[in-house]
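Everything numeric in this text was worked out from a predicted model, so none of it was measured.
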Amino acid sequence: MAITHAAPIDARTDHTRADHTRADRTRGDRDRGIDLVRACCIVGVVVLHAMMVGVTVTSAGPVFENASDGTVWIAPLSWILQVMPLFFVIGGFAGLLAYRRHRSHGAPASAFVAARLHRLLLPAVVTIGCVGAALAMLTVAGVPADLVAMAGFRFGQPLWFLGVFLLCQALLPALAAAHERAPLRSIVALAIAAVLVDVLRAATGVDALGFINLVLVWTALQQLGFFLADGSIGALSGRVRVLAGVGAVVVLVFTWWTGVYSSDLIANINPPTAALLLVGVAHTALLSLVRERLTRLSARRRIAFVTDFVTRRAMTIYLWHMPVLLAMAGASAAFALTTGIALPAPGSLEWWFGRPFWLAVALTLTALVATVFARVEAVPTPIASQSRGRITVAVLLGLGAIVALLVIGTTVLTAALAVVLILAALLLSAETVADRRSQCRAPALVHLR
């Protein structure tokens, strides 16, 4: 056994090389078909939330409501636009490939987590800070407190995704190791645990138990993406994949027909149920069958332009689409109050006729806002701290900020608290002067042959 000493690694040089590698991958080595699907998922989320906005004005003042509550159209629409399971599958696909590239360059798992934390939380801290400032201005302007509180609540609702996705990405190195050791056992264990949580929730009537599935359901779907990334699903025959997809849909229909799960797939997300696992299996089977066609389709110039636009601004679009929708709702109410023109009641024929225009405006304004704030998402990832403990604390602080907004509600104070916690998380995850000095004093790397 020979022992050789490696040349010291310049962290800044290695980081610069990683930036060039990332840029090259963005230009030519990305899976364009997967990027197209991710872009469609983001657009689908914006469309779904835009459809849920209901604004009317009564003698008591503006009324903002969820236009889908108690309607018959939300269930069939949810079967088209409930794309979150697929989004987490794609997150697992892209995450595993990125982690393996990271590992092949000798970087530790903590550096991968730090990079993911930066990519998710830096755009979030800007959005949360802006929304907190907007809520403060609304309060000073004399807007009724209940309307300000409603705006904060609506803004915070989609943030569950940010918290859960951050947790899934932070756990990805450990889950990837489990996948490499025992792929089937690891995903089956998560799926069975998710079903058991649903059974326990139904048996006890304690709905809060369902929030355990925030971890189990979404990590299981991420794990499903690992199979897509390592080629296991693609290696199956087309017939097997068709049977898996159709079988998942049949079981899903049976569960809502018998009352086990709601036919409204949006209702199955808060808290998440194992029904979403069936949705994920169906989506993944379909994706694997049409993946080559999607790759060819993604090469078309106009489609490639839209895909690139959304891909480079994915987190910015997700974070800003709700403030845009809230601003549109407020502007609609102000228009009705100042002009005396009545707004159509949600679900009415006039309301449906106006939906195409409403959706077009929502998508256009979201794209414009994302263009302005996308530069935040494009800020290069700093060199990660060498301390696993610091990275762990950073993840917990980031999660704590999101949980505070979800549980307490988004107010001026909670937004300020979240900004402080996220900034602390970002600072902790980055390399410090002490880290550099420690690295310079560290002994040469040892390779065993």
Side-chain angles (χ1 to χ4, degrees), residues 8-26 91 94-95 98-130 132 159 162-174 176 312-316 318-319 373-405 415-442 445:
I9 296 176
D10 181 2
R12 296 193 179 281
T13 302
D14 188 61
H15 180 65
T16 302
R17 187 185 306 118
D19 284 342
H20 288 310
T21 301
R22 182 167 58 248
D24 292 340
R25 189 166 61 248
T26 301
Y99 174 59
R100 287 178 173 174
R101 284 193 299 266
H102 211 81
R103 193 171 56 184
S104 69
H105 293 134
S110 58
F112 169 83
V113 175
R116 284 302 197 252
L117 185 144
H118 171 88
R119 181 68 184 273
L120 294 173
L121 291 186
L122 186 60
V125 74
V126 174
T127 308
I128 294 169
C130 289
L159 291 181
L162 176 63
V164 173
F165 196 71
L166 173 60
L167 178 61
C168 288
Q169 292 290 291
L171 294 175
L172 191 144
R312 295 175 183 177
R313 301 165 177 84
M315 187 51 58
T316 303
Y318 188 87
L319 290 168
F373 287 96
R375 65 190 67 182
V376 178
E377 190 170 351
V379 171
T381 304
I383 302 172
S385 171
Q386 301 296 310
S387 169
R388 290 185 179 180
R390 285 167 59 102
I391 301 298
T392 301
V393 173
V395 171
L396 293 176
L397 287 175
L399 290 174
I402 304 306
V403 170
L405 295 176
L417 173 63
V419 166
V420 171
L421 291 176
I422 293 176
L423 287 176
L426 292 170
L427 289 173
L428 278 174
S429 66
E431 182 190 53
T432 64
V433 174
D435 288 332
R436 296 187 205 124
R437 290 174 179 172
S438 174
Q439 189 176 19
C440 291
R441 292 195 300 267
L445 296 176

Give the minimum heavy-atom separation between P173 and V113, together with the two atoms involved. CG-CG2, 4.0 Å
Could you tell me which non-hydrogen atom of A115 sits nearest to which non-hydrogen atom of T381, and how far apart they are? CA-CG2, 3.7 Å
Donor-acceptor pairs under 3.5 Å, side chain of residues 165-172 to any protein atom, not counting sequence neighbours: which ones?
residue, atom, partner, partner atom, Å
Q169, OE1, R116, NE, 2.6
Q169, NE2, Q222, OE1, 3.2

Go through the structure and list residues passing salt bridge (charged side-chain N to carboxylate O under 4.0 Å, His left out) with R100, not counting sequence neighbours. E180
Rounded distance (nearest 0.5 Å) linking atom CZ of R119 with atom CD of E377: 4.5 Å
Sequence-distant partners of Y99, ring pair (Phe, Tyr, Trp, His ring centres under 6.0 Å), two or more places apart: F112
Say you draw a straight line from CZ of F373 to OG1 of T127; how long is it, rounded to the nearest 0.5 Å? 7.0 Å
Side chain to side chain contact (heavy atoms under 4.5 Å, CB included) partners for V393, two or more places apart: L397, L428
For A114, check side chain to side chain contact (heavy atoms under 4.5 Å, CB included) against everything at least two apart and list the hits. A384, I391, S429
Any donor-acceptor N/O pair, R313 side chain to A378 backbone, under 3.5 Å: no
Starting at CD1 of I422, measure out to CG of L399 and round the result to the nearest 0.5 Å. 10.0 Å
Distance-minimising heavy-atom pair for A425 and G398: CB-N, 4.0 Å
Where is the tightest heavy-atom contact between H118 and P380, given as atom of each residue plus distance? NE2-O, 3.5 Å
Residue pairs passing the side chain to side chain donor-acceptor pair (under 3.5 Å) test with at least one member in residues 415-425, sequence neighbours excluded, are none
What pair of heavy atoms forms the shortest contact from H102 to P108, and how long is it? CD2-O, 3.8 Å
State the CE-CG distance between M315 and L121, to the nearest 0.5 angstrom. 9.0 Å
Nearest heavy atoms of V125 and L122, plus distance in Å: CG1-O, 3.1 Å
CG (L162) and CG (L405) are apart, to the nearest 0.5 Å, by 9.5 Å
At what distance, to the nearest 0.5 angstrom, does CG of L319 lie from CG of L159? 7.0 Å
